[in-house]
Amino acid sequence: MSEEFCEKSLSVPIRSLEELKTWKPLTDRTRSQVVQQCFTATGPGGSFREQSTKNVPKTLICHDMKGGYLEDSFIEGCSNAEAYSFIQWGIIDIFVYFSHHFITIPPPCWVHAAHLHGVPILGTIITEWDEGTATCTKIFSSKDAVNEFVNSLTELTLHHNCDGWLINIENSLEETLIDNVLYFLRRLKQELVFAGNCGKIIWYDSVTKDGKLDWQNELNAKNKDFFDSCDGIFLNYVWKPIDLANSAILAKERIFDVYVGIDVFGRNCFGGGGFNTDAAFSVVRQYNLSAAVFAPGWIYECHPIEQFKELSFKFWSLLFPYMNLHGPNSLPIRTSFCPGYGQGKYDSGQLVDNKPWHNMSRQQLQPCLAAVRGLFEIKGNTFDILKCGSTNTFGKQDVCDTDAFNGGGCLNIQSSTDAVFPLFFCEIPVIRPMTLAVILKTNSNHPLLLKLGFMLSNTFPITNMSCPLVPRVDQFCSAADDEHQSTPIVSSLEFDSCCNFLDGSLCRSMTNSSGWDIRLFQIRLSEQVVNSVQLKSICIESQGETDCKIGYLCCF
């Protein structure tokens, strides 16, 4: 850790009940300043609904890596560009920051990145062993003691802008305390929601209703009281398929609130974890249950760091068939695809700082890489995205951290033949003409298209249209798949007329931009269908061999 960072720049946990009682918000930096530092470093990306409310099986990620609070604890970031980073937000529903400290508060960079992509982020409250038993005895000794604890937690939650807590009591309790534990779960949820917070409370399957430390690996009569008092239960990892069947039956209409634990390290876990984690996922989804993936940092911890990016794509793409895809649901969408790290910093295509850096508070909206619910195939040293059940190559997408239009990286797309590169899957009502901007860098002689998928309300299939990514487009109508649907009209725009709408500071000058070019389009629909059309997808389509960098995309 660099000596240039002073103690007040660190995100830290709360290690004891006594420390919580003396905790106060920062005096030298207000809550609004902390939030501003995280959320306005690069500007807004898009607007999202909270995805975990959807009535589908969900995916929770529990980030337990080397005890937590590593480079991510530096609020201003660090100089290690190879520190752990996460960009697959478009396929997960809940993120939990975990450590073995009493109260694990998610560092601001994780809060920023999760919220940017519409993912709620939870901290962890954990008690363990004899010390945990003593702490719990104090907390749950009376309803007054519980109320005091809840009040402190509520203030802490609001100050750090997280969305709730994973409650992990891994020590035995006196049976007389259980009623107050249940009261605590209900009261914490109530107070957080009353304060305007998401207030998501999830219970870990460890203590039973008689106070015994006895992991059940299923939802049953011994732990259902806790499940009934909060938003969900995180089942222990040592389950068998029969345990999942029992859980699904008992949960009834709350089946999606049962999160089945899957340990990526494979410790006594079905399938053995690692790159076989999808085996456990497959069984979990057979029973229509949600999944809780524990310690995906395995990819980073147990392999050479220089292979992390490639192996990360491999790991997550194996799970894609079981994930929910989500993206923006309102305009504008703005992103430079910066992953929150890089070998240097760029501004309008110019290198302004050649020092490596890492700060996920500067991460911008990430595309749903490989999000064709596809398979990951290794061919030598290349990683191809394949359409599920097909041998058609869709092309390679990855993050480039050695070049950028803005920030520390951009999106790199490559293909040796015709290919489609999915960027975002959306649910955006089209209520007026849309303007799109793409800033790109390519030496390809083959055509590139910006492919957009539209859907008329209550109709299927999606109508696709494409804008040629060439310097100038004469006005044209895109062909419609259905003769009864109105065809969108596309025309080019001049950069100067849209600069302020794009991002005046980011795109103030396209001169001397190290090869970056801008393409601007306006897309109009007939008055008969406006207000009944949704933008469902944004893709890049190549027509031949392609090697291209996408440095910025804006849709408004």
Practice item. For S317 and F313, indicate whether the former's side chain and the latter's backbone hold a donor-acceptor pair under 3.5 Å. Key: yes

**Study point:** Lys NZ or Arg CZ of K314 over F275 ring: under 6.0 Å, within 45°
**Key:** yes

Exercise for review: Anything under 30° is parallel, anything over 60° is perpendicular, the rest tilted; go ahead and classify W89 against F95.
Suggested key: tilted

Exercise for review: In sequence, state the C-alpha distance, the side-chain angles, and the governing distance for F281 and I262, and then conclude on side chain to side chain contact (heavy atoms under 4.5 Å, CB included).
Suggested key: CA-CA 8 Å; F281 242 101; I262 302 174; 3.8 Å; yes

Practice item. For the pair Y97 and W110, name the ring-plane relationship: parallel under 30°, tilted 30 to 60°, perpendicular over 60°. Key: tilted

Practice item. Report yes if some heavy atom in the side chain of P120 is under 4.5 Å from a heavy atom in the side chain of I94; otherwise report no. Key: yes

Practice item. Could I get the full list of salt bridge (Lys or Arg N to Asp or Glu O under 4.0 Å) partners for D163, not counting sequence neighbours? Key: none

Review point. If you measure from CG on L177 to CD1 on I139, what distance do you get to the nearest 0.5 Å?
Key: 10.5 Å

Check your understanding: Under 30°, 30 to 60°, or over 60°: which ring-plane class applies to F226 and W203, parallel, tilted or perpendicular?
Key -> parallel

Check your understanding: What residues form a side-chain hydrogen bond (donor to acceptor under 3.5 Å, both in side chains) with K212, not counting sequence neighbours?
Key -> none

Exercise for review: Establish, from distance only, whether the side-chain atoms of S142 and D144 form a donor-acceptor pair under 3.5 Å.
Suggested key: no

**Study point:** Modelled atom types, side-chain donor and acceptor of T104 and S99, under 3.5 Å
**Key:** yes

Check your understanding: Does any non-hydrogen side-chain atom of H101 lie less than 4.5 Å from one of Y69?
Key -> yes

**Study point:** For K200 against D231, the heavy-atom pair lying closest together
**Key:** CA-OD2, 3.3 Å

Check your understanding: Is it true that the side chains of N217 and D205 contain a donor and an acceptor less than 3.5 Å apart?
Key -> no

**Study point:** Cation-pi check, K536 onto F454 ring (under 6.0 Å, within 45° of axis)
**Key:** no

Review point. Would you say T277's side chain and G274's backbone share a donor-acceptor pair under 3.5 angstrom?
Key: yes

Review point. What pair of heavy atoms forms the shortest contact from C539 to P422, and how long is it?
Key: SG-CA, 3.8 Å

Check your understanding: What's the verdict on side chain to side chain contact (heavy atoms under 4.5 Å, CB included) for F556 and I333, showing C-alpha distance, side-chain angles and the deciding distance?
Key -> CA-CA 7 Å; F556 60 93; I333 302 171; over 6 Å; no

Check your understanding: Are the side chain of D263 and the backbone of V293 linked by a donor-acceptor contact shorter than 3.5 Å?
Key -> no

Exercise for review: For S537 and F425, indicate whether the former's side chain and the latter's backbone hold a donor-acceptor pair under 3.5 Å.
Suggested key: no

Review point. Of the non-hydrogen atoms in C62 and F234, which two are nearest, and what is the gap between them?
Key: CB-CE1, 4.1 Å

Review point. Does some side-chain heavy atom of D225 sit less than 4.5 Å from a side-chain heavy atom of I178?
Key: no

Point to revise | Test log, rule ring pair (Phe, Tyr, Trp, His ring centres under 6.0 Å), inputs F308 and Y300 | key: CA-CA 6 Å; F308 170 66; Y300 187 90; 5.3 Å; yes

Study note, to complete from the structure: Residue set satisfying salt bridge (Lys or Arg N to Asp or Glu O under 4.0 Å) with K21, at least two apart, ordered chain then number -> none

Check your understanding: In terms of heavy-atom contacts, does NZ of K138 have more than 12 from other residues, nucleotides or ligands at under 6.0 Å?
Key -> no

Check your understanding: Atom CG in N168, atom CD1 in I125: separation rounded to 0.5 Å?
Key -> 10.5 Å

Review point. So, does H358 use its side chain to make a donor-acceptor pair with the main chain of Y341 at under 3.5 Å?
Key: no

Practice item. Please list, chain by chain and in numerical order, all residues satisfying salt bridge (Lys or Arg N to Asp or Glu O under 4.0 Å) with R285, sequence neighbours excluded. Key: none

**Study point:** Side-chain donor or acceptor of N268 paired with backbone N/O of V238 under 3.5 Å
**Key:** no

Check your understanding: Do you know which two heavy atoms are closest between C109 and D72, and how far apart they sit?
Key -> SG-O, 3.5 Å

Exercise for review: For residues I103 and L20, determine if any side-chain heavy atom of one lies less than 4.5 Å from a side-chain heavy atom of the other.
Suggested key: yes

Review point. Measuring from H117:NE2 to Q363:CD, what's the distance to the nearest 0.5 Å?
Key: 5.0 Å

Check your understanding: Counting only heavy atoms not in E174, do more than 12 fall under 6.0 Å of its CD?
Key -> no

Exercise for review: Go through the side-chain N and O atoms of W215 and E170 and say whether any donor and acceptor fall under 3.5 Å apart.
Suggested key: yes

Exercise for review: Give a yes or no on whether the ring-centroid distance for F102 and H100 is below 6.0 angstrom.
Suggested key: no

Practice item. Answer yes or no: is there a side-chain heavy-atom contact under 4.5 Å between L185 and I167? Key: yes

Point to revise | Residue pair D64 / E301: nearest heavy atoms and the distance that separates them | key: O-OE2, 4.0 Å

Check your understanding: Would a 4.5 Å heavy-atom cut-off, applied to side chains only, mark F337 and Q364 as touching?
Key -> no

Check your understanding: Judged by atom type as modelled, is there a donor-acceptor pair below 3.5 Å linking the side chain of K58 to the main-chain atoms of D257?
Key -> no

Revision key, fill the gap. In this structure, CD of Q190 is separated from CZ of R186 (nearest 0.5 Å) by 10.0 Å

Check your understanding: Sequence neighbours excluded, which residues qualify as ring pair (Phe, Tyr, Trp, His ring centres under 6.0 Å) partners of W165?
Key -> none

Exercise for review: Determine whether the aromatic ring centres of Y84 and H63 lie less than 6.0 Å apart.
Suggested key: yes

**Study point:** Distance, nearest 0.5 Å, that separates SG of C162 from CG of L156
**Key:** 7.0 Å

Exercise for review: Indicate the atoms forming the closest heavy-atom contact of D398 with L411, along with that distance.
Suggested key: O-CD1, 3.6 Å

Practice item. State, without any angle test, whether E128 and N171 hold a side-chain donor-acceptor pair at a distance under 3.5 Å. Key: no

**Study point:** Stepwise side chain to side chain contact (heavy atoms under 4.5 Å, CB included) check, L70 with K66
**Key:** CA-CA 8 Å; L70 303 173; K66 297 183 179 180; 3.8 Å; yes

Exercise for review: Output all residues satisfying salt bridge (Lys or Arg N to Asp or Glu O under 4.0 Å) with D228, sequence neighbours left out; order by chain, then residue number.
Suggested key: K224

Review point. Donor-acceptor pair, T154 side chain versus E191 backbone, under 3.5 Å?
Key: no

Check your understanding: Can you tell me if N151 uses its side chain to pair, donor with acceptor, with the backbone of N147 under 3.5 Å?
Key -> yes

Point to revise | Neighbour count >12 (heavy atoms, 6.0 Å) for atom NZ, K143 | key: yes

Review point. For residues D243 and Y287, is any side-chain donor paired with an opposing acceptor at under 3.5 Å?
Key: no

Exercise for review: Taking Q216 for its side chain and D214 for its backbone only, find out whether a donor-acceptor pair lies under 3.5 Å.
Suggested key: yes

Check your understanding: Going by heavy atoms in the side chains, are F149 and L188 under 4.5 Å from each other?
Key -> no

**Study point:** Point-to-point distance, once rounded to the nearest 0.5 Å, from OG of S290 to CG of D93
**Key:** 7.5 Å

Review point. Would a 4.5 Å heavy-atom cut-off, applied to side chains only, mark F424 and T335 as touching?
Key: yes

Practice item. Check the pair Y237 / F270 against ring pair (Phe, Tyr, Trp, His ring centres under 6.0 Å), numbers first and verdict last. Key: CA-CA 8 Å; Y237 317 96; F270 185 97; over 10 Å; no

